[in-house]
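Report on the following structure.
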Amino acid sequence: MLTLAAIKENPQEIINRLKVKNFDAEEQINEIIELDVKRRAEQTKFDQNGAELKKFAAQIGALMKQGKKDEAEAAKKAVAELKDANKKIEDDLNATENKITEILLNIPNTPCAMVPEGKTAEDNVVEKTGGNMPNLPEDALPHWELAKKYNLIDFELGVKITGAGFPVYFGKGAKLQRALIQFFLDEASKAGYLETQPPYVVNEASGIGTGQLPDKEGQMYHCNLDNLYLIPTAEVPVTNIYRDVIFEENELPKKNCAYSACFRREAGSYGKDVRGLNRLHQFDKVEIVRIEKPENSYAALEEMKDHVQGLLEKLELPWHILRLCGGDMSFTSAITFDFEVFSAAQKRWLEVSSVSNFESYQANRLHCRYRNENKKMTLCHTLNGSALALPRIMAALLENNQTPEGIRIPKALVPYTGFDIID
């Protein structure tokens with residue numbers, strides 16, 4: 001969440017920057033400033049009363065030693081009244097602080113200066129394009145038909161077992177999934193990321209820490225009995241490894257990668273864009289997460305983008321990078337770059353990765369800090385990215401590599417699959 005200090009220092013700048021995300025924060029910012037004035041007054045009164053109580057305690061001891069019992073009893077009565085008054089002030093102070101936190105949790109992160117204005121995905125900016133477009137015949141099959149033809153994925157069986165959006169993979173389809181996961185993990189390890197295997201369910205504090213709560217609770221599967229949430233991405237448990245952690249400066253950066261299944265309700269999704277692997281409720285993904293010093297986070301962001309680009313190049317897929325406009329960014333992000341691959345049979349671009357810098361927004365929620373060279377406590381910056389999400393990668397690989405003989409496997413994956421064609 002945004003820091004109270006930043007809001008107090010320049011509230012109008014915060015309001016103006018949030019307008020890039022099409023979010024009107026003026027009312028909330030003004031309320032926070034008013035509540036902070038109230039909070040400081042309550043804190044001052046509470047501290048003054050605490051000092052008075054200490055004085056009374058010393059006086060009572062002295063009076064008792066002098067045998068002045070009546071005066072000591074009167075002082076005790078005054079102490080009891082002051083304690084009651086201070087308990088009321090403490091309750092008011094806690095309520096004010098809780099209200100400030102509640103408002104802060106519902107204000108999105110401010111976008112950085114590089115974020116373009118815009119309201120929808122149509123306003124995103126294409127930054128870079130690469131790879132060769134496949135030359136497929138007009139009768140090329142979409143991946144859901146290829147999956148059926150070669151017995152790779154059964155979407156209807158998933159409906160029987162669970163419901164729509166939970167496919168079952170078979171044979172070379174399952175092996176290709178496993179090969180992609182291992183390939184992505186190996187490439188992340190080569191790039192210096194520590195492989196991590198996190199839980200697939202998290203508690204409420206973890207959801208709040210990375211910003212899924214209270215913003216996205218409607219998109220998460222909730223285990224009501226235990227008040228736990230199925231993870232929408234490994235970002236949540238991996239980043240929360242560093243919740244309430246204070247680093248020494250020389251311990252940064254921290255670089256983690258993790259494979260996990262991901263679970264998303266995708267409420268409100270419908271139409272042709274959800275067919276086959278295009279949009280699932282359960283899917284596999286390898287995530288990269290970094291904890292950085294603020295001055296290094298944008299260089300780290302470029303490294304992460306280069307890493308994802310390298311994966312797509314090794315998979316021989318046509319790709320482009322989008323710099324998201326304010327209206328298409330997530331609640332928590334300061335800047336996001338989406339990677340999309342071209343799905344030749346569907347003739348459309350499919351998102352396969354988002355790489356984001358959250359600056360200090362998540363770290364403030366997480367209380368993730370480090371001691372700088374002057375031993376001053378400073379908020380870290382957090383970053384993460386998909387490297388990569390499997391379903392649409394799988395869709396593009398199947399569609400783009402179909403031939404009369406079968407589906408060709410990119411050379412980089414053959415050591416992992418053990419076969420070079422699906423036939």
Aromatic rings [X] and [Y]: how do their planes relate, parallel, tilted or perpendicular, breaks at 30° and 60°?
{"X": "Tyr259", "Y": "Tyr200", "value": "perpendicular"}
{"X": "His307", "Y": "Tyr193", "value": "tilted"}
{"X": "Trp319", "Y": "Phe339", "value": "tilted"}

Tell me, do [X] and [Y] make a side-chain contact under 4.5 Å, heavy atoms counted?
{"X": "Leu252", "Y": "Asn296", "result": "no"}
{"X": "Phe184", "Y": "Leu180", "result": "yes"}
{"X": "Leu388", "Y": "Val286", "result": "no"}

With the threshold set at 4.0 Å, does a side-chain nitrogen-carboxylate oxygen contact exist between [X] and [Y]?
{"X": "Lys38", "Y": "Glu34", "value": "no"}
{"X": "Lys88", "Y": "Asp91", "value": "no"}
{"X": "Lys305", "Y": "Glu302", "value": "yes"}

Which pairs with one or both residues in residues 172-182 pass side-chain hydrogen bond (donor to acceptor under 3.5 Å, both in side chains), sequence neighbours excluded?
-> Gln177-Asp284, Gln182-Asp186
Counting neighbours of [atom1] on [X] that are heavy atoms of other residues, nucleotides or ligands and sit closer than 6.0 Å, is the number greater than 12?
{"X": "Gln197", "atom1": "CD", "answer": "no"}
{"X": "Lys293", "atom1": "NZ", "answer": "yes"}
{"X": "Asn227", "atom1": "CG", "answer": "yes"}
{"X": "Glu249", "atom1": "CD", "answer": "yes"}
{"X": "Glu248", "atom1": "CD", "answer": "yes"}
{"X": "Asn98", "atom1": "CG", "answer": "yes"}
{"X": "Glu295", "atom1": "CD", "answer": "yes"}

Rounded to the nearest 0.5 Å, what separates atom [atom1] in [X] from atom [atom2] in [Y]?
{"X": "Asp423", "Y": "Glu405", "atom1": "CG", "atom2": "CD", "answer": "9.5 Å"}
{"X": "Met220", "Y": "Thr233", "atom1": "CE", "atom2": "OG1", "answer": "10.0 Å"}
{"X": "Ile7", "Y": "Ile100", "atom1": "CD1", "atom2": "CD1", "answer": "9.5 Å"}
{"X": "Ile241", "Y": "Leu366", "atom1": "CD1", "atom2": "CG", "answer": "11.5 Å"}
{"X": "Leu176", "Y": "Phe183", "atom1": "CG", "atom2": "CZ", "answer": "11.5 Å"}
{"X": "Gln28", "Y": "Asn106", "atom1": "CD", "atom2": "CG", "answer": "8.0 Å"}

Output, in order, the C-alpha distance, side-chain angles, deciding distance and verdict of salt bridge (Lys or Arg N to Asp or Glu O under 4.0 Å) for Lys87 and Asp84.
-> CA-CA 5 Å; Lys87 180 62 171 65; Asp84 287 343; over 6 Å; no
Pairs involving residues 136-150, ordered by first then second residue, that meet salt bridge (charged side-chain N to carboxylate O under 4.0 Å, His left out) (sequence neighbours left out) = none
Looking only at atom types and distance, does a side-chain atom of [X] sit under 3.5 Å from a main-chain N or O of [Y], one as donor and one as acceptor?
{"X": "Gln402", "Y": "Leu141", "value": "yes"}
{"X": "Asn240", "Y": "Val236", "value": "yes"}
{"X": "Gln362", "Y": "Thr210", "value": "yes"}
{"X": "Asp47", "Y": "Thr44", "value": "no"}
{"X": "Lys21", "Y": "Ser330", "value": "yes"}
{"X": "His281", "Y": "Arg264", "value": "yes"}
{"X": "Asp123", "Y": "Lys119", "value": "yes"}
{"X": "Glu399", "Y": "His143", "value": "yes"}
{"X": "Asn401", "Y": "Leu397", "value": "yes"}
{"X": "Ser356", "Y": "Phe358", "value": "no"}

So, [X] versus [Y]: side-chain donor-acceptor pair below 3.5 Å or not?
{"X": "Gln309", "Y": "Glu313", "answer": "yes"}
{"X": "Glu292", "Y": "His381", "answer": "no"}
{"X": "Gln346", "Y": "Asn278", "answer": "yes"}
{"X": "Ser206", "Y": "Arg243", "answer": "yes"}
{"X": "Asp338", "Y": "Ser354", "answer": "yes"}
{"X": "Tyr298", "Y": "Glu359", "answer": "yes"}

Among all residues two or more places apart in sequence or in another chain, which pass the side chain to side chain donor-acceptor pair (under 3.5 Å) test with Glu90?
-> none
